[in-house]
Amino acid sequence: MKHLATWVFVVGTGIALWCALPDTSKAVPIDVASAPQPNDIASPESIDTRATERVSASVAESHDPRTFDEWIERLVALALETRAAVEADDFDEAREVDERARVAIERMRAELPDTEESALHALCGLMSEDETVAGTARRRVLGLVLELGLRVRWQRFEYSGDRARVDRLVEAMLVSLPQDEPLAELLGLGLLADEPFLGPSHERAVLDLVELSLREPFLARVAKALLTTLWQNLEESGARTSGNLASLALVYADDSNPTRRICALRHLLTSRDGRYEHFVMERVRQSRDSDLAVAVGITAARELEPRAALRVLEQLEPVAGASRLTASFLLLGNRAPASIRTAYEHKLADQVAPQLRAEMVTGFGFGDSGFELARVAFEQDPDLEVKKRALFVLASRSTVEIGEHTLLAAIDDDAFTADPTRVGAIVSALDNLANHGDANAVHRVGRRLRVHPKLMDADRRRLDDLLAQHTPPGLGQ
Amino acid sequence: MLHGILVATAAAFLLPLSGSHDNCPHDVVDPQGTDIQTEGDLNCGGMAQVSVAGVQVNMQATCPALVIVTPARDGTKDSPDSNTYTVPTSTVNVVQTKFTCATTWFLLFPVGSVCKERSSDTVNTLPSYSQFPCSMLPK
């Protein structure tokens, strides 16, 4: 706790110091003539030089900005000008203004040093609640300048092997990130997660963010993404061996900090050969933590080989609880529909795991692979909850004719409608059918449904609202 | 009508005191908060053709590929001391919304305009329960 308090103080001071740093670029424009000279090799250093050449050829804006703040004002004005042109459907004008914006950014980078640090400094000073058009444009401009600088530094590192300037900027971003949620998302999820920039020197800062996420819940998602990215980068760059990282993850697997624990279990689950799958499943089962099971399920659906993912999801289902693995199955349905189809057919043949069958029908059906599996499920699966899931798919993804026919069949199925909540499900499926835009079909089904004796009052009101929104031409209200 | 309500209300308060019903399931409602799962971060810079000074810029807005929302509802759970039962009285929709990134050609076009809803479907429904005293159960 003492460590945490100290850290919070350090971070707080760090943010304050970072945001209060004198902005060296403001008053010290570089002499363009002193910029590196072009050479024959397209090295990263030549990027700014090319920019300088283009600058000299470009039409200069009147009243050239000199300081960073003046450049940003110019770019924000250009952003608003672009927007106005787009809103007036004048795309030629928008393209012309956009080209001026590109030239302006190149000129600013050629004339001022370290614009990325200045951009970070300015981002720290923005009001996060400013959602005006100008406020959004300013955030975008600054984010763009920061990203551009970061990527240029990375290119230079790849060329020279010296990552000191990348590390310094990333460190500053990590220190600034806890200031508020929009900044955390912009810097963490937008610029650092799933990118190569985090390296060995950032381990302490990332782990400190994980620690801080206990007290600042908005940081949890960002901290998870950064720790996962850091470990991937360390392994891919060879800075840590997979054995080192697995050992660390094994230590964190029982950690009381949920972010560290989830990252550790995800890392172990995706370690090569699946050697830790049993260990991870045991930990999730022991935890009885539904959120943990859902998080591990998403990782499995995203990253494991499809059969392994299905095996993991099947083990997670009792812990995750009803319907909480739907997102995992939707992801897997997009990634590996054939595997889901095969698994469903085996389980249907064996008449086992109806809850999983329901998730498989949803995952496959709402992917991009068509509705045939849902048709099989609706016609052949004996489990009524699986039929219900198939109903949603068929109402949404098949033709209007098939959707309407299926809904009417469900209304006429006494076993299906014996439970009033499934009659309510038909109302919800009718909403899916309404997305096709055929109001006549909606009314034909709606009229039959409205007189169903098992329709609950709350669902009747939903149905009436739906029918009112989709009145066939000529019927009137 | 009023008489009927008064009788039902009196029964609700008095009958539990006079002993439990044999067929009382002893269930209570179990309030469950809204569950929102977001998955996938789309690269929503909308700037596939954008490079500045030869550097490809790929600034991401945090636009999820899909969001699954399960609204707050009243589930049900066992409660041996309760003398109440629960019945489903409404249905809540589990809705999947998919997003897409509309392509913009402009470097500085405001971010908010590029993350757009692609489709929204009900993928499941769950019952929401109300709770009643077991005295209201038919004997």
Side-chain angles (χ1 to χ4, degrees), chain A residues 47-48 50-51 75-76 78-79 82-83 86 94-95 98 101-102 105-106 109 133 136-137 139-141 143-144 147-148 151-152 155 185-186 189-191 193-194 294 298 322-324 326-327 330-331 358 362 366 388-389 392 396 420-421 424-425 427-429 431-432 435 456-459 462, chain B residues 32 35-41 43-47 49-70 75 87-96 98 104-114 119-130:
Chain A
I47 292 165
D48 283 350
R50 288 199 304 266
L75 290 166
V76 170
L78 289 169
T82 310
R83 180 191 165 92
V86 170
R95 284 189 199 94
D98 192 60
R102 290 166 200 246
I105 287 187
E106 292 178 20
R109 286 184 46 77
V133 173
T136 307
R139 190 176 294 276
R140 173 146 185 88
V141 165
L144 189 63
E147 181 186 355
L148 186 57
R151 290 194 188 282
V152 169
Q155 283 192 357
E185 293 207 345
L186 174 67
L189 300 179
L191 297 179
D194 299 323
V294 170
I298 291 288
S323 301
R324 292 210 68 209
T326 302
L330 286 166
L331 288 175
T362 298
F366 283 102
K388 186 178 84 175
R389 297 292 193 94
F392 297 129
S396 174
T421 63
V427 177
S428 303
D431 203 0
N432 284 357
N435 289 334
M456 294 185 288
D457 288 343
D459 292 328
R462 284 200 300 133
Chain B
Q32 292 172 7
D35 183 32
I36 300 175
Q37 290 183 47
T38 61
E39 266 320 309
D41 290 317
N43 173 4
C44 241
M47 297 186 292
Q49 299 169 10
V50 169
S51 69
V52 180
V55 178
Q56 194 72 27
V57 178
N58 198 26
M59 198 179 79
Q60 293 181 10
T62 51
C63 179
L66 68 91
V67 176
I68 297 176
V69 179
T70 306
V87 287
T89 50
S90 63
T91 312
V92 299
N93 293 344
V94 179
V95 175
Q96 170 198 236
K98 287 186 175 175
T104 59
W105 307 303
F106 307 116
L107 189 63
L108 301 178
F109 197 83
V111 172
S113 62
V114 294
S119 64
S120 192
D121 293 296
T122 296
V123 297
N124 193 12
T125 51
L126 295 169
S128 190
Y129 292 82
S130 295

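In the text below, chain A, chain B and the rest are named by the order of the sequence lines, each starting its count at 1.
In terms of heavy atoms, A:M456 sits closest to B:P88 at SD-O, 3.2 Å. Contact detail for A:F366 and B:K98: the closest heavy-atom pair is O-NZ, 2.9 Å.
Residues forming a side chain to side chain contact (heavy atoms under 4.5 Å, CB included) with A:A425 (at least two apart in sequence, or on another chain): A:K388, A:F392, B:T125. A search for side-chain hydrogen bond (donor to acceptor under 3.5 Å, both in side chains) contacts involving B:T89 returns B:S130, not counting sequence neighbours.
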Query raised in the report: Stepwise, does the side-chain contact (heavy atoms from CB on, under 4.5 Å) test hold for A:R324 with B:D35?
Result: CA-CA 9 Å; A:R324 292 210 68 209; B:D35 183 32; 3.2 Å; yes
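In this structure, the side chains of A:L330 and B:I68 come closer than 4.5 Å at one or more pairs of heavy atoms.
Ranking A:I298, A:L331, A:V427 against chain B, the residue ahead of the rest is A:I298, based on heavy-atom pairs under 4.5 Å. Chosen from B:S90, B:S128, B:S119, the residue pairing most often with chain A at heavy-atom distances under 4.5 Å is B:S90. Chain A forms more heavy-atom pairs under 4.5 Å with one residue of B:N93, B:V95, B:V123 than with any other, namely B:V123.
Residue contact with chain A, scored on non-hydrogen atoms closer than 4.5 Å, is absent for B:V94. With a threshold of 4.5 angstrom between heavy atoms, B:D121 approaches chain A through its backbone and through its side chain. Heavy-atom distances place both the backbone and the side chain of A:T326 under 4.5 Å from chain B.
No side-chain N or O of A:D431 forms a donor-acceptor pair with one of B:T122 less than 3.5 Å apart.
Atom CZ of residue A:R462 and atom OG1 of residue B:T91 lie 5.5 Å apart, to the nearest 0.5 angstrom. Distance CG/B:L126 to OG/A:S428: 10.0 Å, rounded to 0.5 Å.
The backbone N or O of B:S120 lies less than 3.5 Å from a partner atom in the side chain of A:N435, making a donor-acceptor pair.
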